[in-house]
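Notes for the one structure printed next.
Since the structure is predicted, the reported quantities are computational estimates derived from the model, not experimental observations.
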Amino acid sequence: MEMASASASSGFCLPPAWAAEAVVYQIFPDRFCRSGRSPQQSGLLLAPWGSAPDPHAFQGGDLWGVLDRLDHLQGLGVSCLYLNPIFSSAANHRYHAYDYFQVDPLLGGEPAFAALLAELKRRGMRLLLDGVFNHCGRGFWAFHHLLENGPASPYRDWFISEHWPLRPYPAAGESCGYHAWWSDPALPKFNHANPQVREHLLAVGRHWIERGIDGWRLDVPDEVEPSFWLEFRREVRAANPEAWIVGEIWGEARQWLGGQHFDGVMNYRIAWGSLGWAAAGDLAPGHHREAIPYQCLSGERYRALLLETLGWYRPEVNCAQLNLLDSHDVPRALHMLQGDLAALKLALVLLFALPGVPSLYYGTEAGLAGGEEPACREAFPWGAPLVLGDFIAALAQMRREHSALRSAELELELLGEDGLLLIRGSGANRRRLVLNRSRDSALALPDGGQLAPQDWRLLA
């Protein structure tokens with residue numbers, strides 16, 4: 001693999017220090033909050049708010065709605081937003097971009113983005129955008145040009161064609177005639193060997209950093225030539241040396257986290273591992289997959305998983321990993337825990353107590369429990385009780401108050417079959433947390449006393 005010339009000890013190769021201090025909140029914009037303030041939505045046939053999350057329907061969440069809920073998010077202890085794609089697209093998830101330089105009009109367009117960014121900066125909050133640079137949508141301007149003009153189009157080498165004519169909407173059994181992400185004709189893959197393609201995408205990365213965002217979450221980056229990400233990091237870090245670059249790598253990512261590509265990855269091993277332990281043998285069946293092998297874990301197996309994962313990376317990288325329990329791509333944590341709020345609380349304690357950056361998926365505080373995509377992309381039920389709001393806010397405060405919880409140090413001790421002792425930090429900053437996942441048995445604490453079933457405690 002091509003390597004950058006910068007040494008591993010240089011600042012270029014280190015994650016930004018602010019990332020280790022952050023609490024991230026992931027927002028799927030169409031389903032977070034409909035403000036009613038976007039003139040671009042006036043008179044349009046939007047799906048009713050709270051209707052079943054159809055893959056093709058738009059419920060009208062917008063960036064004005066995100067701005068309107070910043071008090072709520074700061075009350076949870078959130079300091080950084082991660083927005084799923086916001087660029088112009090014909091899909092409600094916006095992974096089918098047709099213009100990377102334009103904020104989707106349905107989200108409020110440029111005025112809403114500018115207002116949101118300005119307010120985030122005023123509040124001292126950060127913003128990550130979702131960069132989808134492996135593929136685009138059928139409506140992407142260069143691909144549209146190719147569809148209209150065939151091999152005569154000057155953009156024919158921006159994509160990889162197999163035969164003519166191209167069939168962007170092929171009949172059953174037909175080939176679309178071009179390389180597409182997972183063979184989906186709706187998602188033409190870029191030809192990253194083309195210098196013009198690379199420059200266009202690098203310009204996108206540069207542009208939004210120069211506009212003031214604080215970093216990128218990069219979609220399926222392991223399906224793009226690694227050399228592209230070397231250039232991407234140089235461009236982004238030149239525009240903002242403190243930018244945080246997070247790759248969507250679901251498993252082991254050592255080749256990407258040496259300091260030349262990304263600062264961290266979406267740490268799905270924390271997601272399936274923590275849920276597998278907290279479930280105490282009662283995890284929802286039917287969701288196991290190779291990339292995220294949901295399974296019930298004993299304390300011994302969970303401890304081994306955590307220590308193995310941490311052992312793969314440098315301490316500064318472990319502090320910049322985007323830890324999560326769920327996302328727009330997987331069933332919600334409460335679904336996997338079959339509605340057990342007490343078990344979810346334990347998983348959230350682990351999320352905030354382990355090395356790395358805790359990332360909350362929108363609606364966790366409201367007890368959303370959608371299953372496989374698109375069910376996990378349900379509308380936020382504003383007005384309903386925020387059953388976990390105070391609990392999450394308390395965890396965020398605990399993390400702010402104890403620097404040990406933001407460090408890279410971790411020791412783990414098993415306490416019987418169902419107890420777990422986390423030892424964080426060192427010296428005077430050392431802190432201990434104990435968790436009991438048992439549903440019916442109290443746990444004897446190391447220094448005396450007992451911990452009730454499905455409870456946890458920060459020890460002196």
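- A91 and S89 make their closest contact through N-OG, 3.1 Å (heavy atoms, listed as atom of the first residue, atom of the second, distance).
- Of the possible polar contacts, one joining the S274 side chain to the I270 backbone as a donor-acceptor pair under 3.5 Å is found.
- Contact annotation: the side chain of N191 never approaches that of W158 to less than 4.5 Å [non-hydrogen atoms, C-beta and beyond].
- Side-chain atoms of L70 and R123, non-hydrogen and from C-beta on, do get closer than 4.5 Å to each other.
- A salt bridge between R432 and D447 is present, with a side-chain N of the basic residue lying under 4.0 Å from a carboxylate O of the acidic one.
- Crowding of D390 atom CG: a count of heavy atoms from other residues, nucleotides or ligands under 6.0 Å not exceeding 12.
- Residues Y25 and G363 come closest through the heavy atom pair OH-N, 3.3 Å.
- Between F228 and F232, the ring-plane angle classifies as tilted under the 30° and 60° cut-offs.
- A heavy-atom distance below 4.5 Å is not found between the side chains of P221 and F133.
- Considering all non-hydrogen atoms of both residues, A291 and W250 come closest at CB-CE3, 3.8 Å.
- Ion pairing of R377 with D329 is present here, as a side-chain N (NZ or NE/NH1/NH2) and a carboxylate O approach within less than 4.0 Å.
- Under the ring-ring contact (aromatic ring centres under 6.0 Å, His included) test applied with F32, the options F380, Y82, Y361 reduce to a single match, F380.
- R237 and D263 are joined by a salt bridge, as a carboxylate oxygen and a charged side-chain nitrogen come within less than 4.0 angstrom of each other.
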_Between W272 and Y302, is the ring pair (Phe, Tyr, Trp, His ring centres under 6.0 Å) condition met? List the steps._
CA-CA 10 Å; W272 64 262; Y302 181 51; 9.1 Å; no

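- P29 pairs with exactly one of I86, D62, N92 by the side chain to side chain contact (heavy atoms under 4.5 Å, CB included) rule, that one being I86.
- D340 and R439 are joined by a salt bridge, as a carboxylate oxygen and a charged side-chain nitrogen come within less than 4.0 angstrom of each other.
- Note on E378 versus R332: salt bridge recorded, some NZ/NE/NH1/NH2 to OD/OE distance being below 4.0 Å.
- Within the model, atoms CG of L83 and CZ of F28 stand 12.0 Å from one another, a figure rounded to the nearest 0.5 Å.
- In this structure, W18 has its ring center under 6.0 Å from that of W244.
- Each of D30, D130, D104, N84 was compared with R94 under the side chain to side chain donor-acceptor pair (under 3.5 Å) criterion, and only D104 meets it.
- In this structure, H402 contributes its side chain and A404 its backbone to no donor-acceptor pair below 3.5 Å.
- Here the side chains of Q321 and Y313 are in contact, with some heavy-atom distance below 4.5 Å.
- Note on R269 versus E308: salt bridge recorded, some NZ/NE/NH1/NH2 to OD/OE distance being below 4.0 Å.
- Using a cut-off of 4.0 Å between Lys/Arg side-chain N and Asp/Glu carboxylate O, R233 and E231 are scored as not salt-bridged.
- Between atom CG of residue L421 and atom CG of residue L414 there is a gap of 9.5 Å, rounded to the nearest 0.5 Å.
- A salt bridge does not link E235 with R198: none of the charged nitrogens is closer than 4.0 Å to a carboxylate oxygen.
- Taking the side chain as every heavy atom from C-beta outward, V434 and L420 never approach each other to under 4.5 Å.
- Aromatic rings of H261 and W229 (six-membered ring for Trp) have centroids beyond the 6.0 Å cut-off, not under it.
- Ring geometry for H200 versus Y100: interplanar angle over 60°, hence perpendicular rather than tilted (30 to 60°).
- Distance alone, capped at 3.5 Å, places no donor-acceptor pair between the H192 side chain and the V224 backbone.
- Between R217 and D219, at least one side-chain nitrogen of the basic residue sits less than 4.0 Å from a carboxylate oxygen of the acidic one, meeting the salt-bridge criterion.
- Put simply, the side chain of N323 does not reach to within 4.5 Å of the side chain of V357, judged on heavy atoms.
- Of the charged side-chain nitrogens involved, none lies within less than 4.0 Å of a carboxylate oxygen, so that E401 and R406 do not count as a salt-bridged pair.
- Aromatic rings from H179 and H135 are positioned such that their centres are separated by 6.0 Å or more.
- Residues W256 and D222 come closest through the heavy atom pair CZ2-CA, 3.7 Å.
- Within 6.0 Å of CD on E119 lie more than 12 heavy atoms contributed by other residues, nucleotides or ligands.
- Side-chain atoms of L81 and L128, non-hydrogen and from C-beta on, never get closer than 4.5 Å to each other.
- The nearest pair of heavy atoms linking V387 to A366 is CG2-C, 3.9 Å.
- Rounding to the nearest 0.5 Å places CG of D214 at 10.5 Å from CE of M125.
- Rounded to the nearest 0.5 angstrom, L325 CG and L275 CG are separated by 5.5 Å.
- Taking the six-membered ring for Trp, W64 and F113 have ring centres at least 6.0 Å apart.
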*Take Q338 and D282 through the test side chain to side chain donor-acceptor pair (under 3.5 Å) and record every step on the way to the result.*
CA-CA 8 Å; Q338 305 194 82; D282 196 18; 2.9 Å; yes

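- Among all heavy-atom pairs drawn from E409 and P355, the shortest one is O-CG, 4.4 Å.
- W216 contributes a side-chain N or O that, together with a main-chain N or O of G205, makes up a donor-acceptor pair within less than 3.5 Å.
- The shortest distance between side-chain heavy atoms of V330 and C376 does not fall below 4.5 Å.
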